[in-house]
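Have a look at the structure below, then the notes.
Just so it is clear: chains get the letters A, B, ... in the order the sequence lines come, proteins before strands, and each one is counted from 1.
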Number of protein chains: 2
Amino acid sequence: MTQGSDPKTDTRKRILDIAEQLLLSRGFNAFSYQHISSELGVRNAAIHYHFPKKSDLGVALIQRYRRRFQRFIDQQAALDPGAQLEAYFGLSDSYYRQHRQICPSGILSTEFLTLPEEMQREAAAFIDEMRLWAVDITRRGAACGQMRYAGTPEAIGMMLFSALQGALQLARIDDGALDTIKRQVRAVLGLPGH
Amino acid sequence: MTQGSDPKTDTRKRILDIAEQLLLSRGFNAFSYQHISSELGVRNAAIHYHFPKKSDLGVALIQRYRRRFQRFIDQQAALDPGAQLEAYFGLSDSYYRQHRQICPSGILSTEFLTLPEEMQREAAAFIDEMRLWAVDITRRGAACGQMRYAGTPEAIGMMLFSALQGALQLARIDDGALDTIKRQVRAVLGLPGH
DNA sequence: GACACCTTACTGACCAGTAAGTAGAGTGCT
DNA sequence: AGCACTCTACTTACTGGTCAGTAAGGTGTC
């Protein structure tokens with residue numbers, strides 16, 4: 001009957017959840033298995049049971065992000081481009097509110113050169129997907145007349161993505177940065193609300 | 001007469017130079033005194049002689065950035081805002097060309113929550129100065145009619161700063177990102193060259 | 001002989017990762 | 001019902017490496 005929560009234990013999931021918090025606040029190099037095990041109330045080796053190498057944990061984290069992001073895209077598929085952009089802004093807000101975390105692409109691209117190779121591959125694929133999605137929004141936004149901007153959809157989509165990634169990082173030093181930049185991105189895209 | 005190069009040895013300076021490369025490619029948490037000493041051909045303790053704690057080295061690095069940046073501003077003071085922006089773009093290019101390094105503000109804001117307190121203070125001041133300078137460019141650019149953009153000078157200045165910081169990070173995964181975003185920033189500011 | 005600038009030699013903390021053992025839950029056989 | 005077996009999910013105990021940081025000694029220069 002596998003009553004209640006899970007056929008397999010949920011320890012694996014809880015490890016991923018804690019590791020995610022640590023990744024987004026401290027970065028991959030600056031958290032250890034001890035951080036996770038002490039928070040979870042288990043011994044260090046228990047983490048190694050589920051994720052033998054730290055890179056296994058890292059890859060699993062990114063793969064989960066990719067699955068989530070695909071689900072996020074699918075859920076927003078029916079919305080118009082402007083609303084999709086606002087949904088993306090909402091994601092950024094929730095990172096920021098959660099102890100000034102930054103977005104995964106920000107930490108992964110910043111630490112990219114020090115990541116194990118398997119993580120680099122996964123991270124590059126993930127960031128590619130996000131970038132393509134941003135470009136898709138600006139392309140459709142212009143096509144349906146909702147957005148009006150200078151430059152190509154490709155370039156403005158990448159700038160929007162890049163500006164938001166930077167905004168979350170700067171928000172750690174300057175409280176207003178995220179809101180300011182969100183407002184400015186709307187302005188640049190010719191959207192209401194700035 | 002302190003002939004030639006230096007009254008004090010230049011070891012201190014060479015340590016800072018090596019540490020700077022390491023900071024911009026690997027981040028503060030991901031480089032060690034061994035990285036520096038092996039590259040420099042001295043023993044570990046020699047680094048500790050010049051910078052007793054790693055945070056001393058970190059603070060010295062940021063202070064040097066701040067001095068350099070002030071000099072950079074002073075040198076560009078006579079140029080028009082558009083040319084100042086291009087000079088800033090040039091800085092970003094040189095980071096990228098140097099083994100895909102990212103800008104100091106990018107690494108410092110990303111690692112901010114794990115930095116020692118003295119470094120946090122210095123980093124926050126540094127990033128503030130850079131942000132104010134970006135805003136100053138866009139403000140004067142609009143005032144003299146060279147730039148024409150939607151939104152306030154404050155917001156567009158921050159977006160430009162943030163987008164460029166993100167662009168250098170994304171360029172580690174996507175080779176064209178930096179050029180694309182530079183071109184788009186010009187377009188958004190109503191400048192020629194896109 | 002004082003000082004700047006190193007060296008050798010060390011400490012203790014933390015790190016990822018491993019090996020071997022164990023408790024408990026399920027499963028199948030008699 | 002009782003017992004053996006197996007598997008999952010841990011535990012304790014450990015290794016070897018890396019880390020920042022320190023103490024004490026040496027060497028050359030003014």
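Using a 4.0 Å heavy-atom criterion, one finds that B:F31 contacts the sugar-phosphate atoms exclusively. In this structure, A:Y33 reaches the sugar-phosphate backbone alone: every heavy-atom distance under 4.0 Å involves primed, P, OP1 or OP2 atoms, never a base.
If you measure from atom CD1 of A:I36 to atom P of C:dG17, you get 12 Å, rounded to the nearest angstrom. Here the P atom of nucleotide C:dC6 and the CZ atom of B:R12 are 12 Å apart, to the nearest Å. Rounding to whole angstrom units, CZ of residue A:R43 and P of D:dC14 are separated by 14 Å. A:F51 places its CZ atom 12 Å from the P atom of D:dA9, with the value rounded to the nearest Å. Rounded to whole Å, the distance from NZ on A:K54 to P on C:dC15 is 9 Å. One atom, CG of B:N29, and another, C1' of C:dC14, lie 14 Å apart when rounded to the nearest Å. One interatomic measurement links the two molecules: CG of B:L40 to C1' of C:dC5, which rounds to 13 Å at whole-angstrom precision. Protein atom CG of B:L115 is 14 Å distant from nucleotide atom P of D:dA20, rounded to whole Å.
In this structure, the side chain of A:Q165 does not engage the main chain of B:Q169 through any donor-acceptor pair within 3.5 Å. Looking at A:E111, its side chain does come within 3.5 Å of a backbone N or O of A:N29 through a donor-acceptor pair.
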Atom pairs and distances, side-chain donor-acceptor, residues 69-83 of chain A, under 3.5 Å, sequence neighbours left out:
{"unit_1": "A:D80", "atom_1": "OD1", "unit_2": "A:G82", "atom_2": "N", "d": "3.1"}
{"unit_1": "A:D80", "atom_1": "OD1", "unit_2": "A:A83", "atom_2": "N", "d": "3.2"}
{"unit_1": "A:D80", "atom_1": "OD1", "unit_2": "A:Q146", "atom_2": "NE2", "d": "2.7"}

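Distances shorter than 4.0 Å separate some side-chain N or O of B:T11 from OP1 or OP2 on C:dC6. For the OP1/OP2 pair of C:dC14 and a distance below 4.0 Å, the side-chain nitrogens and oxygens of A:S32 include no atom meeting the criterion. The phosphate of C:dC5 (OP1 or OP2) has a side-chain N or O of B:Y49 nearer than 4.0 angstrom. Under 4.0 angstrom from either OP1 or OP2 of D:dC10 there lies at least one side-chain N or O belonging to A:H50.
Residues of residues 15-25 of chain B having a heavy atom closer than 4.0 Å to DNA chain C: none are found.
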Where protein sits on nucleotides 22-30 of chain D, one letter per nucleotide: B base, S sugar-phosphate only, - none, heavy atoms under 4.0 Å: B--------

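Listed by first then second residue, pairs satisfying side-chain hydrogen bond (donor to acceptor under 3.5 Å, both in side chains) with a partner in residues 47-62 of chain B read B:S55-B:E118, not counting sequence neighbours.
Contact check on B:R139 versus B:E154 returns a salt bridge, with a Lys/Arg side-chain nitrogen under 4.0 Å from an Asp/Glu carboxylate oxygen. Between B:D179 and B:R183, none of the side-chain N atoms (NZ, or NE/NH1/NH2) sits under 4.0 Å from a carboxylate O, so this pair counts as no salt bridge.
A centroid separation of less than 6.0 Å is found between the aromatic rings of A:Y88 and A:W133.
Scored by the salt bridge (charged side-chain N to carboxylate O under 4.0 Å, His left out) test, B:R131 finds A:D174, B:D128 as partners (sequence neighbours excluded). Taking the ring-ring contact (aromatic ring centres under 6.0 Å, His included) definition, one finds that B:Y96 meets it with nothing, sequence neighbours left out.
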